[in-house]
There are 2 protein chains.
Amino acid sequence: MTAADLIDEPMRPGHGPLYRQVKQRIIRHLIDETWKPGDMLPSEPRLAESFGVSPGTVRRALDELVAENLLVRHQGKGTIVCRHDPERSLFHFFRMVDAAGDRPTPSSRVLACGRRRADRAEAARLGLPAGAPVVVIDRTRSAAGRPLLVERLVLPGRLFGPLAAVAPAELPNTLYTLYEERFGVTVYRAAEQLRAVTADARDAQLLEVATGTPLLEIDRLASNLDGMPVEWRLSRCRTDAYRYRVELV
Amino acid sequence: MTAADLIDEPMRPGHGPLYRQVKQRIIRHLIDETWKPGDMLPSEPRLAESFGVSPGTVRRALDELVAENLLVRHQGKGTIVCRHDPERSLFHFFRMVDAAGDRPTPSSRVLACGRRRADRAEAARLGLPAGAPVVVIDRTRSAAGRPLLVERLVLPGRLFGPLAAVAPAELPNTLYTLYEERFGVTVYRAAEQLRAVTADARDAQLLEVATGTPLLEIDRLASNLDGMPVEWRLSRCRTDAYRYRVELV
DNA sequence: CCGATCGAGTCTTGTATAAGACCTACAGGT
DNA sequence: ACCTGTAGGTCTTATACAAGACTCGATCGG
């Protein structure tokens, strides 16, 4: 091993347990993209040597990162930074299921995609200064050939500048994969708040229901590893064929 | 250590990893109530000796059980079986929050509480034979002095027989604590399915809203450690002041 | 001579164990 | 009433070995 392989200086006597300091340092490397999604991390013994701790300590740190869905391990192969492959993204963040408990594979139709200045609510929600540029996408998503939801996405223009220029037909169904591959933005957490609303005229037309039909409104704020908001999404769903499913443990 | 302290015979060479066999065996002891909620487990070295494995292996098994909210550890004191203290119960299973993200402390008013035979849907949902006895509770819950939701609970009569005799005023706000202390039934998991509905005349009167107001319907099936359903709960919530919150990680 | 196949070697993560540090509670003396 | 020693609990760290996966070369068959 040469000096160039040294990823980090050895740990200094810090505050908490050693393995937690190692964990925080690995997270820092994930944030500054020393290791990007899909990359393979150095092996556990190598990490241990570069951090100046024993392999078991590194292993403990990796254990927690795997439990938090930041890393994936494969015995005999290595450890890689978790990526938003479309199926996983759908499985994790899309919570609608049919009566049998199966997830649909929705298709999306983009209604509009453009760039403008954030209004008051959008700026506050995304933690941006008033009037900051944002990219706004309006679309509907269908499942089994019938409209399922209509939604508006608001993204910080600073991160997603070129997105407004992308042809609407180009936008894939699972956007989080696109965010990651084209803009280097990885969604790690999201907080959703749900309430019941009634369909207005536009909802009714797009979702093919009567005006006044009850809809499930999902207000999602997605953030990256830093905890910085990267997407605000407001969806209105029909819940006659599909329901929103949550597991409490 | 005497022979009476031997909780179990030593592990025999089994199928999976050793720590997972230990975990399963501990779960079995939780199911057959060798250790009841609130009880303190034997110490890790003691468990290790009785299972015939090393302390580290027991520790690994306990780690997973703690992560699944079945046990709670306190350094220097010991490990206890998780209990449904009211605050935790509320924190975990009650997901409504106000605009600021704070949970209300709701109060409940029981409308009816009685025993009858399960109808077709109830029996199917609870995994009971058709016509099995069930206990049914109708109640409303309020927060900040205003009605929040109206709900119906259906419980297997075999487990909750004497519950129907309890005076409605006796029923506490957080029922899961009562289930545990009075009936030895501990709720570990719950699956919820949400959809939007409109208030019928009864909903409207009880919730003090207009008929047709959109409501959030929460269909919860709660089960114990065996995976056996122990409660079916159907709630209809106003979502003007409070929203249903979910964290996706 | 060329190509496919099998297997040893080596790298990876997974599992089991042991030893010491740290934290808490309690009893007994000051 | 307060302080302190001690016992017993969990927490942290370290090490050894097992199991899985890829590499690469020797070997056998065409």
Side-chain angles (χ1 to χ4, degrees), chain A residues 1-2 5 7-8 10-26 30 35 38-83, chain B residues 1-2 4-5 7-8 10-26 35 38-83:
Chain A
M1 153 156 185
T2 69
D5 290 319
I7 290 151
D8 238 307
M11 315 291 305
R12 290 161 311 195
H15 306 36
L18 199 49
Y19 75 90
R20 209 166 280 270
Q21 299 174 42
V22 170
K23 177 185 172 186
Q24 285 307 318
R25 201 171 277 210
I26 293 175
L30 293 177
W35 307 308
D39 287 357
M40 179 162 293
L41 262 61
S43 77
E44 293 177 1
R46 260 182 125 64
L47 283 174
E49 191 172 6
S50 78
F51 284 134
V53 302
S54 105
T57 302
V58 166
R59 171 151 262 276
R60 180 97 189 250
L62 294 182
D63 280 340
E64 294 201 353
L65 293 169
V66 167
E68 295 171 18
N69 294 314
L70 269 61
L71 302 177
V72 180
R73 286 202 275 216
H74 295 286
Q75 181 171 359
K77 295 176 65 176
T79 303
I80 64 175
V81 183
C82 199
R83 175 147 55 180
Chain B
M1 152 152 187
T2 70
D5 290 318
I7 291 150
D8 237 306
M11 313 291 306
R12 288 162 313 195
H15 305 33
L18 197 50
Y19 75 92
R20 209 167 281 271
Q21 299 174 42
V22 171
K23 176 185 172 186
Q24 285 307 319
R25 200 172 276 211
I26 294 175
W35 306 309
D39 286 356
M40 179 162 294
L41 263 61
S43 77
E44 294 175 0
R46 264 181 122 68
L47 283 173
E49 191 171 7
S50 78
F51 285 135
V53 301
S54 102
T57 303
V58 166
R59 171 152 257 276
R60 179 105 187 243
L62 294 182
D63 280 340
E64 294 200 354
L65 293 169
V66 168
E68 294 171 19
N69 295 314
L70 269 60
L71 303 177
V72 179
R73 289 202 276 216
H74 295 285
Q75 180 171 358
K77 296 175 64 175
T79 302
I80 65 174
V81 183
C82 200
R83 174 147 56 178

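Quick note on labels: first sequence line is chain A, next is B, and so on, each numbered from 1.
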*Using rotation axes that map the C1' atoms of four end pairs onto the next four (five pairs an end), what angle separates the end axes of the helix from C:dC1-D:dG30 to C:dT30-D:dA1, to 10°?*
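Taking five pairs per end, the axes differ by 0°.
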
_Could you walk me through whether A:Leu70 and A:Cys82 satisfy the side-chain contact (heavy atoms from CB on, under 4.5 Å) test, starting with their C-alpha distance in whole Å, then the side-chain angles of each, then the deciding distance to 0.1 Å, before giving a yes or no?_
CA-CA 5 Å; A:Leu70 269 61; A:Cys82 199; 5.6 Å; no

Between [atom1] of [X] and [atom2] of [Y], what distance do you get to the nearest 0.5 Å?
X	Y	atom1	atom2	value
A:Met40	A:Lys77	CE	NZ	6.5 Å
B:Arg59	B:Thr57	CZ	OG1	12.0 Å
B:Arg60	B:Leu62	CZ	CG	12.5 Å
A:Leu47	A:Arg25	CG	CZ	12.0 Å
B:Leu65	B:Leu71	CG	CG	5.0 Å

*Assign B:Gly56 to base, sugar-phosphate, or nothing according to its heavy-atom contacts below 4.0 angstrom with the strands shown.*
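The residue B:Gly56 makes base contact.
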
*Output all residues satisfying side-chain contact (heavy atoms from CB on, under 4.5 Å) with A:Pro45, sequence neighbours left out; order by chain, then residue number.*
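With sequence neighbours excluded, A:Pro45 shows a side-chain contact (heavy atoms from CB on, under 4.5 Å) to A:Ser43, given in chain and number order.
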
_Those residues that, when tested against B:Pro55, pass side-chain contact (heavy atoms from CB on, under 4.5 Å) (two or more places apart)_ =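 By the side-chain contact (heavy atoms from CB on, under 4.5 Å) rule, B:Pro55 matches B:Ala48.
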
Going by salt bridge (Lys or Arg N to Asp or Glu O under 4.0 Å), name the residues that satisfy it together with [X], two or more places apart in sequence or in a different chain.
X	answer
A:Glu68	A:Lys23
B:Arg83	none
A:Arg73	A:Glu44, A:Asp63

_Please identify the 5'-most and 3'-most nucleotides of DNA chain C with any atom under 4.0 angstrom from a heavy atom of chain A._
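On DNA chain C, the outermost contacted nucleotides are C:dT12 to C:dT15.
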
*Residue whose closest nucleotide on DNA chain D lies nearer the 5' end, A:Thr57 versus B:Asp63*: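 It is B:Asp63, whose closest nucleotide lies nearer the 5' terminus.
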
_DNA chain D: 5'-proximal contact among A:Lys77 and A:Ser54 (nearest heavy atom)_ =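 It is A:Ser54 whose nearest nucleotide is closer to the 5' end.
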
*For A:Ala61 and A:Val22, work out which heavy atoms get closest and say how close.*
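That closest heavy-atom pairing would be CB-CG1, 3.8 Å.
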
*If you look at every heavy atom in A:Leu30 and A:Trp35, which pair is closest and at what distance?*
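The answer is CD2-O, 3.9 Å.
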
*For B:Pro55 and B:Arg60, take the nucleotide of DNA chain C holding the closest heavy atom to each; which residue's nucleotide lies nearer the 5' end?*
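Result: B:Arg60.
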
*Which two nucleotides bound the region of DNA chain D that has atoms under 4.0 Å from heavy atoms of chain B, read 5' to 3'?*
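So the contact region on DNA chain D extends D:dG8 to D:dT12.
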
*Which of residues 66-74 of chain A sit near DNA chain C, with a heavy atom under 4.0 Å from it?*
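Per residue number, the list reads A:Arg73, A:His74.
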
